[in-house]
Amino acid sequence: MELKTNYQYTYFIHPFVIKEGKYQKYILKMLKDKNCNLKIFQKEKDLKLYKYFLPKMREFLFSSFSYGNSKLRKLEELPIETRAALLAKNPCNIFEYTLKKDIQGKLEQSNGIFFNIQKVEIITFSTGISFLAIKTNVEEYTEFSNVLNFNYKFRDINNELVNLENYDNIRIQTDSFADIKTFQEFVKEITGSNSEAVRLNIDTERFLTYSYVCINQDAWNSTNQFDEIKYQFIKYVNILPADNSRDYEYEKIETFSKWKYAKLGLTKLGVMLFSSSSDINNYTILPEEYEHQYFYTYIFNLYKKIYLKKIELELKNVTKIKKARKKFVEFTKNLWIQDITEDETGTLLNHKLHEVFELDELYNQVKYKYDILYKELNFEKERKTTIALAVILGISLLLNILNFVVLIPKG
């Protein structure tokens with residue numbers, strides 16, 4: 001029996017890194033773009049998000065929560081260069097990119113799967129680490145196989161090796177993006193050069209995948225158990241096509257569930273939530289929570305992973321060691337040791353993401369290098385201090401001898 005879907009969306013996420021010293025210039029570029037608007041978070045409008053994150057994390061991710069109407073109005077009245085300078089001081093800024101029209105794409109022209117791009121967000125941190133997030137959903141067709149094929153193929157759409165004529169991939173057919181090439185140009189326009197990301201060994205040609213699907217209750221309910229469709233879940237989490245026959249072990253997938261008819265799977269390439277319409281919450285409440293609270297939990301952990309790699313690289317550079325040490329101390333104090341939420345599911349998700357990204361191991365690697373450098377610098381400092389003291393003592397002794405010689409009576 002063909003598995004059917006009731007509801008679905010997928011975010012494709014492209015990490016990129018703005019060169020150090022160029023962040024304010026990038027913010028200015030976003031402000032000048034007529035299609036780009038600063039996303040403002042407000043307590044009343046975004047109450048669930050506000051309540052989910054603890055104060056320190058809220059301050060770090062969503063500075064605009066502290067903006068009142070008066071402050072927001074004054075900000076908008078400032079010259080654009082001044083506005084960019086002020087925003088650049090925020091730990092994080094989020095922009096919404098408004099496309100001219102809904103983008104509708106077609107997969108395999110002869111028998112296509114139509115999709116649209118519902119939302120584009122640019123999440124950029126003052127450290128230069130940034131994420132382009134593109135929300136898509138498959139239209140018209142309800143077969144789960146189309147979702148599998150779409151996710152599998154779209155995540156590689158930014159690959160420069162894509163053959164525009166023969167490659168079996170997404171073909172975007174709109175006035176905005178006539179083909180894959182123009183879509184790639186759009187991504188490059190937002191993200192700029194890949195040089196900084198490549199230095200950090202970040203894959204810039206394959207999107208990370210963050211997806212939600214609610215399948216028809218006929219396939220998963222009180223009588224039809226999850227085990228009967230488990231292989232579909234395995235393909236979904238591993239971002240495999242519908243016709244994939246490779247045997248993946250379920251036990252090796254990092255999963256968890258706080259819901260009766262929903263299960264989350266995590267890999268280094270993405271996070272996928274698989275649910276059934278047997279529970280009404282799975283197409284009313286859970287999709288929204290997953291798109292906001294849990295989405296930004298995912299982004300935050302991606303940020304930590306990339307920032308630790310950035311600090312590790314800078315610790316190898318003699319000219320950047322001092323700044324890198326300071327960054328690591330501030331990161332540890334302000335982010336690493338801080339809880340992000342008291343929400344039970346969010347806490348579990350944060351813990352699982354730590355495991356999947358191997359953040360503890362990465363942090364300990366950086367800390368080990370930091371400790372060695374700290375000892376070396378202290379040793380060098382003590383050595384210089386000892387030399388300085390020896391010089392001072394030598395000069396003092398010499399002066400004392402000279403004074404003694406001067407005071408000796410002549411004759």
Side-chain angles (χ1 to χ4, degrees), residues 11 13-103 117-135 176 185-193 196 288 291-293 295-297 299-300 303 307 327 330-331 334-335 338 340:
Y11 276 87
I13 301 164
H14 179 68
F16 62 102
V17 183
I18 300 161
K19 198 169 184 179
E20 194 163 346
K22 302 291 185 180
Y23 184 68
Q24 184 174 321
K25 188 176 179 181
Y26 184 81
I27 295 294
L28 182 60
K29 174 189 171 183
M30 293 294 100
L31 292 175
K32 285 182 176 180
D33 192 328
K34 293 180 180 179
N35 296 317
C36 209
N37 292 293
L38 181 68
K39 188 169 184 177
I40 302 298
F41 293 88
Q42 296 175 322
K43 185 175 178 180
E44 296 76 13
K45 177 173 63 74
D46 305 291
L47 185 59
K48 289 182 179 178
L49 195 67
Y50 182 89
K51 292 169 69 176
Y52 173 85
F53 285 102
L54 289 170
K56 286 187 181 295
M57 195 51 50
R58 226 168 30 226
E59 183 181 345
F60 179 75
L61 288 172
F62 315 106
S63 300
S64 59
F65 267 128
S66 63
Y67 294 0
N69 291 333
S70 176
K71 184 176 179 179
L72 187 59
R73 189 166 53 252
K74 287 179 181 177
L75 182 67
E76 291 172 347
E77 290 171 354
L78 290 172
I80 193 168
E81 289 80 7
T82 308
R83 211 184 320 158
L86 288 173
L87 291 174
K89 294 178 181 179
N90 290 341
C92 177
N93 291 290
I94 301 175
F95 293 90
E96 291 180 299
Y97 195 96
T98 306
L99 297 163
K100 294 177 183 178
K101 58 179 71 177
D102 288 340
I103 301 173
I117 295 179
Q118 296 181 322
K119 183 168 66 174
V120 176
E121 276 191 2
I122 302 154
I123 306 160
T124 179
F125 294 85
S126 59
T127 56
I129 296 167
S130 307
F131 303 91
L132 171 64
I134 302 166
K135 182 186 179 184
S176 298
E185 288 169 355
F186 164 73
V187 172
K188 191 171 183 179
E189 174 63 24
I190 297 294
T191 63
S193 168
E196 291 298 302
E288 184 185 359
E291 187 178 358
H292 295 95
Q293 293 94 297
F295 175 75
Y296 289 113
T297 301
I299 291 293
F300 177 61
Y303 171 79
Y307 191 49
K327 288 177 182 178
E330 290 177 348
F331 170 78
N334 298 327
L335 298 180
Q338 299 294 337
I340 71 167

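What you see is a predicted model, and the numbers here were worked out from it, not measured in a lab. In this chain, residues are counted from 1 in sequence order.
Closest non-hydrogen pair, E291 versus F295, comes out as O-CB, 3.2 Å. Across all non-hydrogen atoms, the minimal contact from M30 to C36 is O-CB, 3.3 Å. For the residue pair I340 and M57, the shortest heavy atom distance occurs at CG2-CE, 3.6 Å. Taking each heavy atom of N90 and S126 in turn, the nearest pair found is O-CB, 3.4 Å.
Here the side chains of Q293 and K51 are not in contact, with every heavy-atom distance at 4.5 Å or above. In this structure the side chain of F16 reaches within 4.5 angstrom of the side chain of L132, judged on heavy atoms. When side chains are defined from C-beta on, C92 counts as touching I123, because their heavy atoms get closer than 4.5 Å. A 4.5 Å side-chain heavy-atom check between D46 and F62 finds every atom pair outside the cut-off.
With salt bridges taken as basic N to acidic carboxylate O contacts below 4.0 Å, none links E196 and K22.
Residues F65 and F53 keep their aromatic ring centres 6.0 Å or farther apart. The distance between the ring centers of Y97 and F186 falls below 6.0 angstrom.
With Y11 as the partner, the side-chain hydrogen bond (donor to acceptor under 3.5 Å, both in side chains) test is satisfied by one option alone out of K135, Q118, K119, E121: K119.
K71 NZ: more than 12 foreign heavy atoms inside a 6.0 Å radius.
Every residue meeting the side-chain contact (heavy atoms from CB on, under 4.5 Å) condition with K43, not counting sequence neighbours, appears here in chain and number order: L47, Y50.
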Check residues 80-89 and write down every donor-acceptor pair under 3.5 Å in which the side-chain atom is one partner and the other belongs to a residue at least two apart or another chain.
residue, atom, partner, partner atom, Å
R83, NE, L75, O, 3.4

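Formation of a donor-acceptor pair under 3.5 Å by the T124 side chain with backbone atoms of N93 is not found in this model.
Side chain to side chain, K19 and Y26 fail the donor-acceptor criterion of an N or O pair below 3.5 Å.
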Starting from the C-alpha separation in whole Å, work towards a yes-or-no answer on ring-ring contact (aromatic ring centres under 6.0 Å, His included) for Y307 and F125.
-> CA-CA 10 Å; Y307 191 49; F125 294 85; 9.2 Å; no

